[in-house]
Amino acid sequence: GSLMTTKLTQPQSTLAKSLTSTSTNAPYFKALESTEIPPYVTNCPSNGLCSRLPPDCMTCNTNYSCIYGKTATFDCKVKPHVHCVDENNHEQENFTINMTCQFCWQLATSDYVCTNSTNCMTVSCPRQRYNATCTVRDHIHCLGNRVFPKMLYCNWTGGYKWSTALALSITLGGFGADRFYLGQWREGLGKLFSFGGLGIWTLIDVLLIGVGYVGPADGSLYI
């Protein structure tokens, strides 16, 4: 009887120790999780006006039934670990912001930044478009997703100057200098060995470069 009692009490004591250790460690792990600073905090000014915080630093109850183009007021709350004050320099968590009722993709082009593409032709007719990913600037408030896709015209440049190309076409166009400058080696060799097409090709190129019809070989825009 005493042997059976000893065998039963040993697992119970082990189980009690495991429960005790688990219960004491749980708050410790929770404390570690609560002290971890989220990455958005680095973009949130400390002790500044709550209404001036970037949108990533707050959570707002947006109302999509507001009148488009009109100023709307929304109730907001700062995210955890973000500290801000009101106009009287008193710390607050709940506040209101005023912003124009419009979706992020309806903003002016100066209010967001988009990726650029160097694989499309800017001088093609009709003008080519590319799929860009746009991100709203930090100080702009808007409805919907702050990162959105948009079709944009090709507008990148390879560093070629229109004035330089035109000057070369007028002065050294008979030797193909303008075409060589634009990276069009075949046309440049053709003009060089034909003496500018006996002058006719030279005059045509002056007109085409002057109106911007002939551009860099990489398909970019002039500076």
Side-chain angles (χ1 to χ4, degrees), residues 32-162 212 215-216 218-223:
L32 288 179
E33 293 177 358
S34 61
T35 56
E36 184 179 356
I37 300 178
Y40 61 79
V41 176
T42 57
N43 298 324
C44 303
S46 180
N47 296 326
L49 288 176
C50 294
S51 58
R52 299 291 182 87
L53 286 174
D56 291 338
C57 305
M58 64 182 75
T59 302
C60 299
N61 297 324
T62 54
N63 181 12
Y64 291 91
S65 62
C66 57
I67 301 176
Y68 173 75
K70 300 294 183 179
T71 302
T73 302
F74 300 108
D75 296 326
C76 301
K77 182 179 180 180
V78 293
K79 290 183 178 180
H81 303 281
V82 177
H83 303 280
C84 62
V85 297
D86 57 9
E87 289 77 6
N88 298 322
N89 204 27
H90 296 153
E91 187 172 356
Q92 62 177 171
E93 293 184 358
N94 300 308
F95 56 96
T96 59
I97 62 169
N98 296 323
M99 71 176 183
T100 305
C101 179
Q102 59 183 346
F103 287 97
C104 295
W105 59 268
Q106 296 173 320
L107 292 171
T109 55
S110 58
D111 292 336
Y112 54 84
V113 180
C114 300
T115 56
N116 206 348
S117 174
T118 58
N119 297 324
C120 56
M121 299 289 291
T122 59
V123 294
S124 63
C125 185
R127 291 183 62 186
Q128 287 188 5
R129 294 174 179 261
Y130 69 97
N131 293 318
T133 301
C134 302
T135 305
V136 181
R137 298 185 184 275
D138 290 340
H139 64 284
I140 302 297
H141 294 272
C142 56
L143 299 175
N145 296 326
R146 298 184 61 82
V147 179
F148 54 90
K150 198 162 190 178
M151 292 288 294
L152 298 178
Y153 285 111
C154 298
N155 60 351
W156 65 285
T157 178
Y160 296 93
K161 293 184 177 180
W162 172 81
D218 58 5
S220 64
L221 292 175
Y222 287 116
I223 295 178

- Query: Parallel, tilted or perpendicular: which fits the ring planes of F148 and Y112, with parallel below 30° and perpendicular above 60°?
  - Reply: perpendicular

- Query: How about C114 and C134, are their SG atoms within less than 2.5 Å of each other?
  - Reply: yes

- Message: With heavy-atom distances below 4.5 Å as the criterion, would you say the side chains of Y64 and L143 are in contact?
- Response: yes

- Message: If you compare all heavy atoms of C101 against all heavy atoms of I67, which two are closest, and at what distance to 0.1 Å?
- Response: CB-O, 3.1 Å

- Are the side chain of T133 and the backbone N or O of T115 linked by a donor-acceptor pair below 3.5 Å? no

- Query: Passes ring-ring contact (aromatic ring centres under 6.0 Å, His included), F103 versus Y68? Steps please.
  - Reply: CA-CA 9 Å; F103 287 97; Y68 173 75; 8.5 Å; no

- Item | Residue pair I140 / L107, side-chain heavy-atom distance below 4.5 Å | yes

- Query: What heavy-atom pair brings Y130 and S117 nearest, and what distance separates the two atoms?
  - Reply: CD1-CB, 3.5 Å

- Task: Kindly determine whether C142 and C104 satisfy disulfide bond (SG atoms under 2.5 Å apart), including the steps that lead there.
- Result: CA-CA 5 Å; C142 56; C104 295; 1.9 Å; yes

- Would you check if L53 and C76 make a side-chain contact, meaning some heavy-atom pair closer than 4.5 Å? no

- Message: With rounding to the nearest 0.5 angstrom, report the NZ to CZ distance, K150 to R129.
- Response: 10.0 Å

- Message: For a quick test of reading the model, state the closest non-hydrogen atom pair linking I97 to C60 and the distance between them.
- Response: CD1-SG, 3.9 Å

- Looking only at heavy atoms, the pair that brings T62 and F74 closest together is CA-CD2, 3.6 Å

- Counting only N and O atoms by type, is there a donor-acceptor contact under 3.5 Å from the side chain of N88 to the main-chain atoms of H90? no

- Message: Tell me whether C84 and C44 have SG atoms closer together than 2.5 Å.
- Response: no

- For residues Y40 and C57, report the shortest heavy-atom separation together with the two atoms involved. O-SG, 4.5 Å

- Query: What is the minimum heavy-atom distance between H141 and R146, and which atoms define it?
  - Reply: CA-NH1, 4.2 Å

- Supply the atom-to-atom distance M151 CE to N131 CG, rounded to the nearest 0.5 angstrom. 5.0 Å

- Task: Measure the CG-OG1 distance between N94 and T59 for me, rounded to the nearest 0.5 Å.
- Result: 11.0 Å

- Query: Between NZ of K77 and CD of Q92, what distance do you get to the nearest 0.5 Å?
  - Reply: 12.5 Å

- Say you draw a straight line from OG of S51 to CE of M58; how long is it, rounded to the nearest 0.5 Å? 8.0 Å

- Task: Look up atom CD1 in I223 and atom OH in Y160, then write down how far apart they are to the nearest 0.5 Å.
- Result: 10.5 Å

- Is there a donor-acceptor pair closer than 3.5 Å between any side-chain N or O of N145 and the backbone N or O of V147? no

